[in-house]
2 protein chains.
Amino acid sequence: MNISGQAMPTGDGSATQRAYNTLRKMIVTGVLKPGEKLKIDGLRQRLDTGASPIREALSLLTSDNLVERLDQRGFRTAEISAENFNEILTLRCTLEDLALRESIANRTQDWEEDVVLAHHRLRRAKTEGSEAFEEVHKAFHMALLANAQSPILMKFCSQLYDLNIRYRYLAGSALNYQKRDVGEEHSGILEAAIAGNTQEASERLLTHYRLTGEFLSGLLGDGALG
Amino acid sequence: MNISGQAMPTGDGSATQRAYNTLRKMIVTGVLKPGEKLKIDGLRQRLDTGASPIREALSLLTSDNLVERLDQRGFRTAEISAENFNEILTLRCTLEDLALRESIANRTQDWEEDVVLAHHRLRRAKTEGSEAFEEVHKAFHMALLANAQSPILMKFCSQLYDLNIRYRYLAGSALNYQKRDVGEEHSGILEAAIAGNTQEASERLLTHYRLTGEFLSGLLGDGALG
DNA sequence: AATCAATGAAAAATCGATAATATTGAAAGG
DNA sequence: CCTTTCAATATTATCGATTTTTCATTGATT
């Protein structure tokens with residue numbers, strides 16, 4: 001398991017793992033649209049690989065809730081909906097809250113350093129919305145939770161993070177209209193966490209998520225997405 | 001998705017799905033031991049099918065945390081440990097508590113009938129420990145949660161249920177030495193749930209899990225398992 | 001006009017064979 | 001005696017071809 005807690009194949013070892021990484025990115029970033037039929041042959045050509053790696057990668061993605069498998073009728077990307085989004089947001093808040101509190105309860109110097117480092121990288125990554133930014137953003141949030149010593153919980157959080165970020169990508173540039181100081185929000189969470197201030201860290205984290213959540217939820221309700 | 005909320009292939013349609021169902025059962029029931037190497041060729045012969053369905057089934061099981069995928073070194077069943085067990089128990093209690101409360105909050109006549117029916121089938125299934133019993137037992141617990149209207153949460157609970165039941169199977173007959181009236185525990189949960197008594201239902205459910213949990217945890221600590 | 005069955009095309013699922021990779025065990029060297 | 005190296009073996013991963021299933025279209029029948 002990698003740093004994010006996701007059961008993500010490492011690097012570019014096998015064709016299956018390359019396919020998994022590529023497809024996951026394509027779905028999360030919206031290159032493959034929600035509900036889109038995923039034809040094996042099309043993907044095979046697109047990723048320049050055989051059918052077996054594609055099928056295996058899609059099987060893995062099925063259990064990440066990013067792909068649906070229809071018995072004998074192939075695969076398609078998961079649909080989006082306001083209900084689905086709200087479910088993700090709610091679960092995320094519950095599980096990350098749990099993980100963060102546990103993480104802080106177990107806090108060690110090593111963990112504090114990891115979190116500070118992750119935060120530094122996040123600050124350095126200027127362009128919000130870019131692929132590089134999203135990567136360090138996720139890394140920061142996962143680092144906060146990593147000390148909970150709970151691999152399954154981490155995996156759930158990582159999965160939910162990806163499901164959520166998919167909606168962020170779909171909203172695209174609309175998100176930039178938000179008048180928020182996200183950097184300030186991150187710093188606040190970091191400070192509270194390393195100070196061992198569980199309650200405040202949790203509140204700040206959940207607010208951080210809910211602010212984006214309400215905004216996206218509004219877009220979904222208007223039918224601006226999908 | 002089926003009644004349990006698990007992303008389980010339906011029936012015996014494709015070879016992949018048969019393989020998935022069979023392998024999952026074999027792992028959960030301990031026919032395949034924890035940490036055991038899963039050689040493609042061996043399974044291929046054992047299940048009388050090709051390598052592709054086996055590999056796909058194993059990929060699916062990977063994301064259920066029942067199988068580990070080692071880059072270019074094949075598959076093996078997930079290891080067991082006291083930490084892993086405790087993590088499963090803790091998460092299960094948190095998530096099922098959440099789901100049950102939501103389920104009760106949304107309660108409808110249809111749901112009540114579903115739960116009563118599931119409970120009846122559970123009572124009728126005499127022989128505890130048998131495969132048939134375990135099936136209706138899971139069905140009962142999932143029925144309790146089903147009304148939470150939260151597919152992802154259901155899937156998590158179903159997954160955790162299977163992970164947990166695996167330890168129960170490994171403990172095997174040792175469990176029978178417990179002096180408990182499990183039937184009474186189930187009835188208590190049922191009554192509280194359909195009466196809309198959220199707090200009591202939740203407490204009874206968690207006690208139900210923790211009683212078994214403590215017992216199993218004891219066995220694990222003694223090194224009686226694994 | 002609507003329903004149903006047959007047909008052909010498209011796609012998915014599966015198989016068998018091959019290529020790539022890891023593991024094992026024996027021999028050589030320190 | 002232990003470690004390292006290398007070849008033989010076992011196993012995984014992947015490909016290309018075949019089989020099976022689904023889907024869409026057409027034409028017949030009620």
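Residue numbering restarts at 1 for every chain, and letters A, B, ... go by the order of the sequence lines. None of these values were measured; they are calculated from a predicted model.
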At less than 4.0 Å, is any side-chain N or O atom of B/T49 found next to OP1 or OP2 of C/dT14? Yes or no. no

Of A/S52 and A/G74, the one whose nearest nucleotide on DNA chain C sits closer to the 5' end is A/G74

Picking from D/dT12, C/dC15, D/dC15, the nucleotide nearest the side-chain atoms of B/I40 would be D/dT12

Here the distance between atom C1' of D/dT14 and atom CD1 of A/I54, to the nearest Å, is 12 Å

Which of D/dT11, D/dT22, C/dC15 is nearest the side chain of B/K39? It is D/dT11

- prompt: Between B/T16 and C/dT14, is there a side-chain N or O to OP1/OP2 distance below 4.0 Å?
  reply: yes

When rounded to whole Å, the CZ to C1' distance for the pair B/F75 and D/dT11 reads 12 Å

note: B/D71, atom CG; D/dA13, atom P; distance rounded to Å ~ 8 Å

Report yes or no: do A/K155 and B/S63 form a side-chain donor-acceptor pair below 3.5 Å?
no

Practice task
Output, in order, the C-alpha distance, side-chain angles, deciding distance and verdict of side-chain contact (heavy atoms from CB on, under 4.5 Å) for A/L216 and A/L89.
Solution key: CA-CA 10 Å; A/L216 281 174; A/L89 180 61; over 6 Å; no

Winner on side-chain proximity to B/K37, out of D/dT12, C/dT14, D/dA13, is D/dT12

Open item on the list: Could you check whether A/S150 and B/E87, counting side-chain N and O atoms only, form a donor-acceptor pair closer than 3.5 Å?
Closed with: yes

Under 4.0 Å, counting only non-hydrogen atoms across every strand here, what does A/L38 touch: a base, just sugar-phosphate, or nothing? sugar-phosphate

Taken to the nearest whole Å, CD/A/Q45 to C1'/D/dC15 is 15 Å

A/R76 atom CZ is separated from D/dC23 atom C1', nearest whole Å, by 13 Å

_What I want to check is whether the side chains of B/Q149 and B/N106 have a donor and an acceptor closer together than 3.5 Å._
no

In whole angstroms, the gap separating C1' of D/dT11 from CG of B/L43 amounts to 13 Å

Quick note, B/S14 side chain, CB onward, closest among C/dA13, D/dA13, D/dT12 is C/dA13

Using a strict threshold of under 4.0 Å (side-chain N to carboxylate O), is an ion pair present between A/D97 and A/R101? yes

Notebook entry, point to check: Can you tell me if the side-chain N/O atoms of B/R55 get under 4.0 Å from OP1 or OP2 in D/dA13?
Noted result: yes

Taken to the nearest whole Å, CD/A/Q72 to P/D/dC23 is 10 Å

Here the distance between atom P of C/dA12 and atom CZ of A/R44, to the nearest Å, is 12 Å

